Amino acid sequence: MNLAKVIVDVPTMQTNEPYTYLVPDELNDKLQKGMRVIVPFGNGGRKIQGIVWDIDNNGTFDGELKEISGLLDLDPVLNTELLDMSKWMAEKTYSFQISCILTMLPSVMRAKYQKQLVLNDSSEIDDDILAIFGDDNVVDFDVDEYPASVLKKIIQYRKENKLSVEYKVSDGAKAKKIYAIKPNLTTEQAKEELTKVRKNSKNLIKILDFIINHNDKEIAQRKLVHDFDIPEAAIKSAVDKGWFARFLQEEYRNPYQGKIGTNKPLKLNDDQQSAVDRISAATNRNQDTVFLLEGVTGSGKTEVYLQSIQKALELGKTALMLVPEISLTPQMVKRVKGRFGNRVAMLHSGLSNGEKYDEWRRVNNGEADVVVGARSAIFAPLDNIGIIIMDEEHEASYKQDDSPRYHTRDVAKWRASFHNCPLVLGSATPSLESRARATKGVYQLIKLPHRINNQSLPEVRVIDMKEEVKNSGQEDFSSELLSAINNRLQKHEQIVLMLNRRGYSSFVMCRSCGFVLHCPNCDISLTLHMDSRTMKCHYCGHEEPIPNKCKNCGSKKIRYYGTGTQKVQEKLQSLVPNARILRMDVDTTRRKGSHERILQKFGNGEADILLGTQMIAKGLDFPNVTLVGVLNADTSLDLPDFRSSERTFNLLTQVSGRAGRAEKKGLVYIQTFNPDHYAIRLAQRQDYELFYRKEMNVRHQTNYPPYYFTVKISASDVNEAKAAAKMYEIAKILKAKLSDQAIMLGPSPSSILKLKNKYYYQIIIKYKNEPNMKPCLEYILNHYQKDAQKGLYVNIDPDPLNFM
DNA sequence: AGCACGCCGACT
DNA sequence: GTCGGCGTGCTC
């Protein structure tokens, strides 16, 4: 008898390995690796979902084996590539294999569990218990819905076998089904029938005409009704007569029905052409080369992607293109769909769960061979991949923030090497990690240094808000920016204003000199904690009182920094009463499709000013925008994170690229209290190269990536002392096991100490060569699992992007 | 995760 | 003497 190795849906460390089950005879010829199954688990008769990891007949388990109870799929949902990858990914991210598997699948395939109470023998059962059941003697059973007295009786009856508890496993993976019709008659038979029907049965005659003309074609019932004007009742009677066979057929939900035009390939300039040549040469030769495509904003990276994809498709291969969620704008979708049409599957958060499932199935069935999507699209079940593209590779959203904490770039590299295909990392401002690898020759660097059609980069002016406050008392809009706004309004050109909300109110800054309080130990800005009324360093735990005057210049104008978009909108409206202002932030884009609507309105010229947060910095391409203003460049500069300079530089560079994308020249204003900071100065000059070198220097001196690896370990509990104590315990273990080259920061409270009523404490370790690190983290993972039951969670985040 | 088992105090 | 509280350990 065959044995199946199953990964069960129980996310714990103890169950993080395949369990052996017997394959019942009736499943023997159906069961395949990668299918979802239902299996019994534990001694309470519980049933759970699992994934078939392997089928063979050599088991090592010497206890009594149980049988697989049933199948959830008729075809595998994971191929061997993705199964192997789930194992690698679980080890890499210190998470459970089942969690990795579930993140690879559409969310509707996640099992739902329902306990049910079944009535076996209704004689001698009290009326109050009988009343619980419906006609079919089965009822959904949630223990906490019933009072103790009832539960007591249920337990008693269960002992007597009059009642039993059963477990139902189901999933929400419902395909949309429609009625389809297929004629049962040959043309001759139909002609024969035609002589028999009464002359006034006009609908039956229509049906027979249809059969005569479209003899063996299947057709949707809906189509028969609309296109051939045959009422449903007539179809039904034709089915009764045996003329038609009627059956249910799966149909894909198509969110883009009829919305897409065409998009023809553009002529490439020399830089673009040579980029496409180098990339497609790697596709041709089956080389898993990683390319870093460094192109200034407006250099036409997207066209390079599309034509490289085209080359892969011409070889009969498939293509995977990843973009940050935020740049999956309608403009982008139209461009790709317009180029490759129905071969494209789109996977993004704007789709309903059912639509996502349909797009996923189109890929799994081989009906789509180009996939475009955000982070999780990296798991699309494509075969024979010829190219993987990651646009805006520096974007933090490529890293998943909760378990499994994978970085899309790592998964992309794994898949590229599996498929022997190139991986293209594209950005105007590559992450330091990627750029350093390109410099070392690990990645191939391709540069696109010129904007297409030789447009000039916009002029960027930095405005010192310290002066502005001193002179006019104006904190949000400098007089220079305001006059530029008025000027564009007169010329009927459009304006984009960005309010940088990152780090809103979490640190204090002096409005006279721009001074921000830093930790004496870590050179990281201190975070304001209102609960304890102190300034804390969440790297090392240093703490000091909130200052009431500036330590640098003595001014009393020191306070929390930050302001909301709504407030700014009101203020702006009072300054330019006639301007039409559109606001775009989390509040105005919460509803599905509202993001799209706002951009469309702005693109149609229904507004003069688009005021928004970070989400307006990327991917927008509006030719009439000639002025871009960043109202507060500093808020992301002084976040307690060693990447804050890099993020600020990226953001400013990206948003500047929104200005002057057509023939009109663009102008950018950056308002800041730190006009001399290198991130701002170099963003003004759009000088990535110099920024890269300068920032690498800083990282080298402070022992941060890419020179050092980092890992974040955190503990959370409703009880603050427990979380802290746990981290001190872990710190002790780490100190004992790691070399003295490893640098430990903390334990210290996280900068958002309290989140969802839980307290967080963390340690950050910086290390270079630490062969003990992996076993050590695995030890922590195994050792502290049991604490999870008491609500104390220990998390490990390898290579964290978010240090807060 | 969720279930049973087992050991302890409180009760008819 | 028994009921039910929660801590502990296991699930093919």
Side-chain angles (χ1 to χ4, degrees), chain A residues 1-24 27-28 31 33 35-72 87 90 95-103 110-118 140-159 161 163-171 402-404 716-719 722 726 781-795:
Chain A
M1 193 181 232
N2 274 341
L3 301 177
K5 309 289 161 53
V6 176
I7 308 279
V8 293
D9 182 16
V10 182
T12 68
M13 219 52 218
Q14 299 99 299
T15 53
N16 194 29
E17 58 183 359
Y19 277 60
T20 311
Y21 283 88
L22 296 167
V23 182
L27 294 183
N28 227 332
L31 196 73
K33 266 173 82 164
M35 283 180 172
R36 293 174 305 151
V37 288
I38 298 169
V39 292
F41 195 75
N43 49 7
R46 190 156 72 112
K47 294 242 169 71
I48 57 171
Q49 189 192 50
I51 284 268
V52 180
W53 169 249
D54 205 358
I55 302 171
D56 56 31
N57 43 29
N58 39 18
T60 49
F61 182 70
D62 55 1
E64 200 176 324
L65 296 176
K66 290 179 179 170
E67 276 190 1
I68 290 178
S69 321
L71 290 181
L72 280 168
K87 171 125 178 146
S95 58
F96 313 115
Q97 202 181 342
I98 189 65
S99 315
C100 296
I101 287 172
L102 291 178
T103 48
R110 227 165 254 254
K112 305 221 179 354
Y113 299 107
Q114 181 63 55
K115 243 196 306 193
Q116 294 184 320
L117 210 51
V118 181
D140 286 353
F141 182 50
D142 295 308
V143 175
D144 38 352
E145 274 180 20
Y146 300 99
S149 59
V150 174
L151 281 178
K152 219 169 142 178
K153 284 186 191 173
I154 289 176
I155 290 166
Q156 184 54 37
Y157 288 139
R158 203 184 154 194
K159 271 188 190 157
N161 260 330
L163 291 180
S164 55
V165 177
E166 287 182 10
Y167 295 80
K168 199 173 82 185
V169 181
S170 58
D171 68 2
D402 40 41
S403 182
S716 64
D717 195 283
V718 284
N719 180 334
K722 276 189 185 165
K726 186 56 68 184
L781 211 58
N782 284 313
H783 208 71
Y784 292 102
Q785 243 305 280
K786 62 173 186 292
D787 295 328
Q789 290 171 349
K790 297 174 218 150
L792 204 178
Y793 291 93
V794 175
N795 288 311

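Every heavy atom of this structure was used, including side-chain atoms; hydrogens, water molecules and symmetry mates were not. As the structure is a computational prediction, the values presented were derived from the model and not from experiment.
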Apply side-chain contact (heavy atoms from CB on, under 4.5 Å) to the pair A:Val39 and A:Lys66, showing each step before the final yes or no.
CA-CA 8 Å; A:Val39 292; A:Lys66 290 179 179 170; over 6 Å; no
Dump the intermediate steps for side-chain contact (heavy atoms from CB on, under 4.5 Å) on A:Leu102 and A:Asp9, then the final yes or no.
CA-CA 9 Å; A:Leu102 291 178; A:Asp9 182 16; 3.8 Å; yes
Pairwise side-chain hydrogen bond (donor to acceptor under 3.5 Å, both in side chains) hits with a residue in residues 36-57 of chain A, at least two apart
A:Lys5-A:Asp56, A:Arg36-A:Asp73, A:Arg36-A:Asp171
Does anything in residues 36-44 of chain A come within less than 4.0 Å of DNA chain C? Heavy atoms only, and list the residues if so.
A:Pro40, A:Phe41, A:Gly42
With a 4.0 Å heavy-atom cut-off, tell me which residues in residues 45-57 of chain A come close to DNA chain C, sorted by residue number.
none
Measure from [atom1] on [X] to [atom2] on [N] and round the result to the nearest Å.
{"X": "A:Lys152", "N": "C:dG5", "atom1": "NZ", "atom2": "P", "answer": "11 Å"}
{"X": "A:Glu17", "N": "C:dT11", "atom1": "CD", "atom2": "P", "answer": "11 Å"}
{"X": "A:Tyr167", "N": "B:dG2", "atom1": "OH", "atom2": "P", "answer": "10 Å"}
{"X": "A:Gln156", "N": "C:dC3", "atom1": "CD", "atom2": "C1'", "answer": "13 Å"}
{"X": "A:Asp62", "N": "C:dC10", "atom1": "CG", "atom2": "C1'", "answer": "15 Å"}
{"X": "A:Gln14", "N": "B:dC3", "atom1": "CD", "atom2": "P", "answer": "17 Å"}
{"X": "A:Met13", "N": "C:dG9", "atom1": "CE", "atom2": "P", "answer": "18 Å"}
{"X": "A:Tyr21", "N": "C:dT11", "atom1": "OH", "atom2": "P", "answer": "11 Å"}

Rounded at 0.5 Å granularity, tell me how far OG in A:Ser99 sits from CD1 in A:Ile7.
11.0 Å
CD1 on A:Ile51 to SG on A:Cys100, rounded to 0.5 Å
12.5 Å
Name the closest nucleotide to the A:Arg158 side chain, picking from B:dA4, C:dC12, B:dA1.
B:dA4
Given C:dC12, B:dA1, B:dC3, identify the nucleotide with an atom nearest to the side chain of A:Val10.
B:dA1
Before you tell me yes or no, could you show the steps for A:Phe41 and A:Thr15 under side-chain contact (heavy atoms from CB on, under 4.5 Å), namely the whole-Å CA-CA distance, both residues' side-chain angles and the distance that decides it to 0.1 Å?
CA-CA 11 Å; A:Phe41 195 75; A:Thr15 53; 3.9 Å; yes
Any side-chain N or O of A:Tyr113 under 4.0 Å from OP1/OP2 of B:dG2?
no
Check this one for me: any side-chain N or O of A:Lys115 less than 4.0 Å away from OP1 or OP2 of B:dG2?
no
Determine, answering yes or no, if A:Phe61 is stacked on C:dC12 under the 5.5 Å centre rule and the 30° plane rule.
yes
Donor-acceptor pair, A:Asn782 side chain versus A:Met13 backbone, under 3.5 Å?
no
Can you tell me which residue among A:Val52, A:Ile68, A:Leu3 is in a side chain to side chain contact (heavy atoms under 4.5 Å, CB included) with A:Tyr21?
A:Ile68
Before giving the answer on side-chain contact (heavy atoms from CB on, under 4.5 Å), spell out for A:Val8 and A:Ile98 the whole-Å C-alpha distance, their side-chain angles and the decisive distance to 0.1 Å.
CA-CA 7 Å; A:Val8 293; A:Ile98 189 65; over 6 Å; no
